[in-house]
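As structure tokens, the structure follows; a few thoughts come after it.
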Amino acid sequence: MTDAEQADLMEEARRLFAGPVEFQLSAPKLQFLPDADLPEIAFAGRSNVGKSSLMNALTGRNGLARTSNTPGRTQELNLFLVGDPPVLRLVDMPGYGYAEAPKDMVRQWAHLVNDYLRGRPTLKRVLVLVDSRHGLKPVDREIMALLDKAAVSYQIVLTKADKIKPTALAVVSAQVAEEARKHPAAHPLLIPTSSETKDGIADLRAAVVAAAFA
Ligand SMILES: Nc1nc2c(ncn2[C@@H]2O[C@H](COP(=O)(O)OP(=O)(O)OP(=O)(O)O)[C@@H](O)[C@H]2O)c(=O)[nH]1
Ligand SMILES: [Mg+2]
């Protein structure tokens, strides 16, 4: 992509998310999902990694998705419509790997997340969120393997970049990027972000638009 094309994409993305965004519904089970009639971008990642916060930062709306210090806040698929008329759906997912939650609850979330990720025809890209301080964990690798197998395109987004020094961020980024390059369905570029400082959010908006409308 040329610099001019990238600039146009960033502007298109800025405008889209400056326009209407509204909560559509919460789906505790797949059968509650609306028809697959719009491109969808899903936010996946370990519990507490910052999925809901990133959705809010992306859309520039603080209270849109519920966030919390307590892991396990998001327990259903929460769907948001972007644009009026809507042109895109964002899906905030329950976190995976939250060991302290009751076992049957963990199983239920895992089923919901896995079934959605494997079986949604309009799912254009999954953003796999990874905490900048921790890098990839075994559960992240499990989700990556599932997405590779289902041939669902995904991209790793590093979260909470404000919590570590730039030098440490560069080290983690390089490690995660090297591993991502070995995964067939993974986008080779990572996006480092902070929902706190908004670093990387404009790049993320552009990546979402590029993936949704490609
Ligand atoms: N410093 C900092 N804190 C963040 C950032 N993003 C999220 N947090 C904090 O991390 C905690 C978890 O954020 P959430 O957005 O609720 O995380 P989640 O991934 O949606 O969590 P679950 O729904 O429980 O899976 C909250 O206390 C947020 O304020 C960030 O970029 N920087
Ligand atoms: Mg959440």
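Order of appearance sets the numbers: ligands from 1, and atoms from 1 within every ligand.
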Which protein non-hydrogen atom lies closest to [atom], naming both residue and atom, and how far is it?
atom: atom 16 (O) of ligand 1; result: Ser68 N, 3.0 Å
atom: atom 18 (P) of ligand 1; result: Lys51 N, 3.5 Å
atom: atom 23 (O) of ligand 1; result: Thr74 OG1, 2.8 Å
atom: atom 31 (O) of ligand 1; result: Ser195 N, 2.8 Å
atom: atom 7 (C) of ligand 1; result: Ser53 OG, 3.2 Å

Determine whether the side chain, the backbone, both or neither of [X] has a heavy atom under 4.0 Å from any heavy atom of ligand 1.
X: Pro71; value: backbone
X: Asp162; value: side chain
X: Ser47; value: both

What do you reckon, does [X] have a nitrogen or oxygen under 3.5 Å from a nitrogen or oxygen of ligand 1?
X: Thr193; result: no
X: Val49; result: yes
X: Ser52; result: yes
X: Leu54; result: no

Would you say Asn114 and Tyr96 make side-chain contact, with heavy atoms under 4.5 Å?
no
Hey, are the side chains of Asp199 and Pro192 touching, using non-hydrogen atoms and a 4.5 Å cut-off?
no
Whether the side chain of [X] engages the backbone of [Y] through a donor-acceptor N/O pair (distance < 3.5 Å, no angle test) should be reported.
X: Thr67; Y: Ser53; answer: no
X: Ser132; Y: Thr159; answer: yes
X: Lys124; Y: Val209; answer: no
X: His183; Y: Ala185; answer: no

Nearest heavy atom to atom 10 (O) of ligand 1: which of Lys160, Gln75, Arg46 does it belong to?
Lys160
Closest to atom 22 (P) of ligand 1 among Asp199, Asp131, Asn48 (heavy-atom distance):
Asn48
Within the 4.0 Å heavy-atom shell around [X], which atoms of ligand 1 are there?
X: Gly50; answer: 7 (C), 13 (O), 14 (P), 15 (O), 17 (O), 18 (P), 19 (O)
X: Ser194; answer: 31 (O)
X: Gly95; answer: 25 (O)
X: Asn69; answer: 27 (O)

Evaluate the criterion side chain to side chain contact (heavy atoms under 4.5 Å, CB included) for residue pair Ser195 and Asn56; output intermediate values, then yes/no.
CA-CA 8 Å; Ser195 299; Asn56 289 339; over 6 Å; no
Take a 6.0 Å sphere around CZ of Arg66 and say whether it holds more than 12 heavy atoms from other residues, nucleotides or ligands.
no
For ligand 1, is there an atom lying under 4.0 Å from some heavy atom of Gly45?
no
So among Arg120, Lys29, Met93, which one has a side chain to side chain contact (heavy atoms under 4.5 Å, CB included) with Leu77?
Met93
With rounding to the nearest 0.5 angstrom, report the CG to CD distance, Leu38 to Gln24.
8.0 Å
I'd like to know if Glu11 pairs up with Arg14 as an ion pair, taking the criterion as any Lys NZ or Arg NE/NH1/NH2 lying under 4.0 Å from an Asp or Glu carboxylate oxygen.
yes
Could Glu196 and Lys163 be called an ion pair, given the rule that one side-chain N must be under 4.0 Å from one carboxylate O?
no
Take the Mg ion (ligand 2) as the vertex and measure to OG of Ser52 and OG1 of Thr74; round to 10°.
90°
